[in-house]
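A short worksheet on the structure shown next.
Numbered from 1 within each chain, the chains take letters A, B, ... in sequence-line order. These figures come from a predicted structure and were not determined experimentally.
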Amino acid sequence: MEIGGVIAYLVSLAIMAGIFAVFALGLNIQWGYTGLFNIGIAGFFCIGAYTSALITTPMPTGLYAEYVRQIFGLNLPFILGILGAALVCGFIAYLIGYPTLRLREDYLAIATIGIAETFRLIFNNEHWLANGPRGLMGLPQPLQGLVEPRYYNYVYLLIVLAIMVVIYLSIERAIRSPWGRVLRAIREDEIASAMSGKDIFTFKMQSLIFGSMIMGVAGALYAHYTKAISPGVFTPLLGTFIIWVMLMAGGSGNNKGAILGAFVIWFIWTIGAKVLTDLLPYTLKARAPYIRFLIIGILLEIILIYRPQGLMGEEKRVSKMID
Amino acid sequence: VPELIVYGIVLGSIIALGAIGLTLVYGILRFANFAHGDLMTAGAYIAFFLVTVLFPWLDIPDTTFGSLSFGWRMALAFPIVMACVAMAAILFDRILYRPLRMKRSGPVILAMSALGASFIIRMIVLILWGADSLFYRPGVLRPAIELSLEIKIRPDQILILVTVLSLVALLYLFLKRTKMGKAMRATADNMELARVSGIDTERVIIWTWGIGGALAAAGGILYGIDVQLHPYMGWNFLLPLFAATILGGIGNMYGALVGALIMGIAQQVSTAYLLPTYKPAVAFIVMILILLVKPQGIFGRRRT
């Protein structure tokens, strides 16, 4: 393979890793800082991607309308798609948080699994909504005319990385504020924080909504990168589980760790896939994806038992005031 | 609709086998075992291996019992698989959950470990058997018996109900009459107190996993007999299992039984109005309603 091909491959890897890093940052707010157990990331992934798709694509017309049905198509710019994805995900997070955040911590987990499955089923079965299992295609990409199409991935990488950095900085800022310290206090000891006069429910709700909005942004980024989405993408495996492994590997409670974990796991995941497929005997090649997930599953168990703090671990001091 | 209610009771009784195990584990170990549905999958597929590969090789006859869809092979496989999955559940506890318990990790970390375990089981099933649906006995469905009110029921389904009832009765006797059963109930009430009174709680935990695993295996096989085998069957069972457990009050075995029947009927009756693929979503909606109205469950005690 020539050098240009290698670089193009690395750029496409980095785009996906950057998108997953945004997911991991969103999850880090919920799990790393507040201790909220959201295992329905695939649901927010799905809602974010579809919302942005419906906002930015035009309503199909003519012959095309015979094949593609969608509830609406607003044909608005990319940035509004991202904002819409964040808002809708935040609203869904509120709806899930309302019945579950006052209860035992694992109820949220079960409810988020439920919402992820429910939305996947809805998008799969309701053809009028977003074209059913075939999904939506031809999503617009921002700044398309800027460079030659074959160099477009460089532009998109810059967009993804810029959004990732903005989100990283805003979370760092938020977590170093009094608000962020309350979240961490809730994670460490709910009763003690309640006794200090903090409204646990409201803080947890804010954290859940904030994190879910970031996941919505990541979902939209994914949709405009692949330009085509269908419900089959948003499975619990690729939509939820791998993001958890990324955060746990990088170090929950550490934003740099979340980004590092996303890049490390995604590079292992994709490059490992190629190596694994080459190594396997012919009869097992079709099963290679399952073997990959099996290895990722075992990796999570090893991290949980032997290195729960991940690669980087949590920053113990987040305030500049104390040293 | 009356027919759907009968099918709902059949489905509910299968859910009950999973939900009772789940609620026992939940009550005693106090974490959400997200791998419980996949223990059902594991049971169904191990039985598939025995019935279609090992037993034909051992020359065990393939004749069926009367009008049922299976015979000696399945009758023999059933207890063997229950034992296998019980062992597997105990093994998972030794390898994955016990180290975390020893480190005093929180219930959420244990739940995450269970989620990892569920993916591991599912991936092993996918690697060994692929992603297609399988049947214990391909071919025509057995004729159904006509009851009154235009209700048709297959002999298999009657046997499923009888099997579930006898397993639940056995478990009831075990919990009421044996020393280990009493120790389990005591541990579910208060683990510290049980330990102080000289109960070996680690042994109780082993028994809990064993019983939970065996019941889950039975549920998985019965679902395989009634419908089909699929690598994601356990994952699709997860929402109804948790809904039934929460509905009945966590840790309450009889509550889980009633909750499972309600979930089974709700899921089957919903197919009259919605696509059958929406069954997990129906379970989810019912669960959210319970959480809004009565989060401690219909028979649950209030917990702090």
Side-chain angles (χ1 to χ4, degrees), chain A residues 31 35-37 39-40 95-96 98-100 102-122 124-126 187 191 235-237 240-242 244-245 248 252 284 286-306 308, chain B residues 26 30-32 34 95-100 103 105-113 115-128 130-131 231-232 235-236 238-239 241-243 245-246 250 274-275 277-285 287-293 295-296 303:
Chain A
W31 167 250
L36 300 176
F37 194 30
I39 41 177
L95 291 184
I96 302 174
Y98 185 77
T100 54
R102 287 179 215 274
L103 305 171
R104 279 168 59 141
E105 48 202 344
D106 29 24
Y107 283 121
L108 175 70
I110 303 161
T112 47
I113 292 187
I115 206 85
E117 289 296 298
T118 304
F119 273 97
R120 195 159 57 86
L121 290 174
I122 290 176
N124 216 354
N125 292 312
E126 305 300 327
R187 184 196 63 188
I191 296 167
T235 56
L237 283 169
T240 299
F241 193 59
I242 201 162
W244 266 101
V245 178
M248 296 306 286
S252 51
L284 273 177
R287 305 279 161 90
Y290 309 134
I291 298 176
R292 272 203 291 172
F293 274 119
L294 180 66
I295 295 170
I296 290 281
I298 294 170
L299 179 65
L300 175 73
E301 301 290 359
I302 292 173
I303 294 171
L304 282 177
I305 294 176
Y306 296 106
Chain B
Y26 222 147
R30 308 216 179 275
F31 78 91
F34 289 113
I95 298 172
L96 300 178
Y97 310 136
R98 193 162 177 267
L100 295 174
K103 288 201 298 186
S105 304
V108 181
I109 296 287
L110 279 153
M112 193 189 301
S113 179
L115 187 70
S118 86
F119 280 92
I120 291 175
I121 296 174
R122 204 171 320 145
M123 288 309 127
I124 293 175
V125 167
L126 279 164
I127 291 167
L128 294 176
Y232 282 86
W235 177 257
N236 290 332
L238 205 56
L239 284 171
L241 287 185
F242 274 100
T245 304
I246 293 171
I250 287 172
L274 290 168
L275 288 169
T277 43
Y278 276 127
K279 277 184 192 173
V282 171
F284 170 64
I285 303 290
M287 189 179 71
I288 291 290
L289 290 178
I290 305 159
L291 290 183
L292 281 170
V293 181
Q296 70 274 27
R303 278 180 200 268

| field | Minimum-distance pair of heavy atoms, taken over all atoms of A:Leu294 and B:Met123 | value |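 It is N-CG, 3.8 Å.
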
| Closest contact, heavy atoms only, B:Phe34 versus A:Ala109 |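 Distance-wise, the nearest heavy atoms are CZ-CB, 3.8 Å.
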
What part of [X] gets within 4.5 angstrom of chain B, counting heavy atoms only: side chain, backbone, both, or neither?
| X | value |
| --- | --- |
| A:Ile115 | both |
| A:Ile298 | both |
| A:Leu304 | both |
| A:Leu299 | neither |
| A:Tyr98 | side chain |

[X], part contacting chain A, at a heavy-atom distance under 4.5 Å:
| X | result |
| --- | --- |
| B:Tyr97 | neither |
| B:Leu274 | neither |
| B:Pro295 | both |
| B:Ala243 | neither |

| request: Give a yes-or-no answer on whether the side chains of B:Thr277 and A:Asn125 include a donor-acceptor pair shorter than 3.5 Å. | output: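 Distance-only check passes for B:Thr277 and A:Asn125.
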
Out of curiosity, [X] [atom1] to [Y] [atom2], how far, rounded to the nearest 0.5 Å?
| X | Y | atom1 | atom2 | answer |
| --- | --- | --- | --- | --- |
| A:Leu121 | B:Phe284 | CG | CZ | 11.0 Å |
| A:Ile113 | B:Leu238 | CD1 | CG | 5.0 Å |
| B:Leu96 | A:Ile302 | CG | CD1 | 10.0 Å |
| A:Asn124 | B:Leu275 | CG | CG | 10.0 Å |
| A:Ile110 | B:Leu241 | CD1 | CG | 10.5 Å |
| B:Asn236 | A:Glu117 | CG | CD | 6.5 Å |

Non-hydrogen side-chain atoms of [X] and [Y] separated by less than 4.5 Å:
| X | Y | result |
| --- | --- | --- |
| B:Met112 | A:Trp244 | yes |
| B:Phe119 | A:Thr240 | no |
| A:Pro308 | B:Lys103 | yes |
| B:Leu126 | A:Phe293 | no |
| A:Ile122 | B:Tyr278 | yes |

| query | In terms of heavy-atom pairs under 4.5 Å, which option from B:Val108, B:Ile109, B:Leu100, B:Leu292 contacts chain A the most? | reply |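 Among the listed options, the one with the most contacts to chain A is B:Val108.
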
| Between B:Ala32, B:Ala111, B:Ala283, B:Gly116, the one whose heavy-atom pairs under 4.5 Å with chain A are most numerous |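 The option with the most such pairs is B:Gly116.
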
| message | Which one wins on heavy-atom pair count under 4.5 Å against chain B: A:Pro289, A:Ala288, A:Pro236, A:Gly297? | response |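 Looking at each of A:Pro289, A:Ala288, A:Pro236, A:Gly297 in turn, A:Pro236 comes out on top.
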
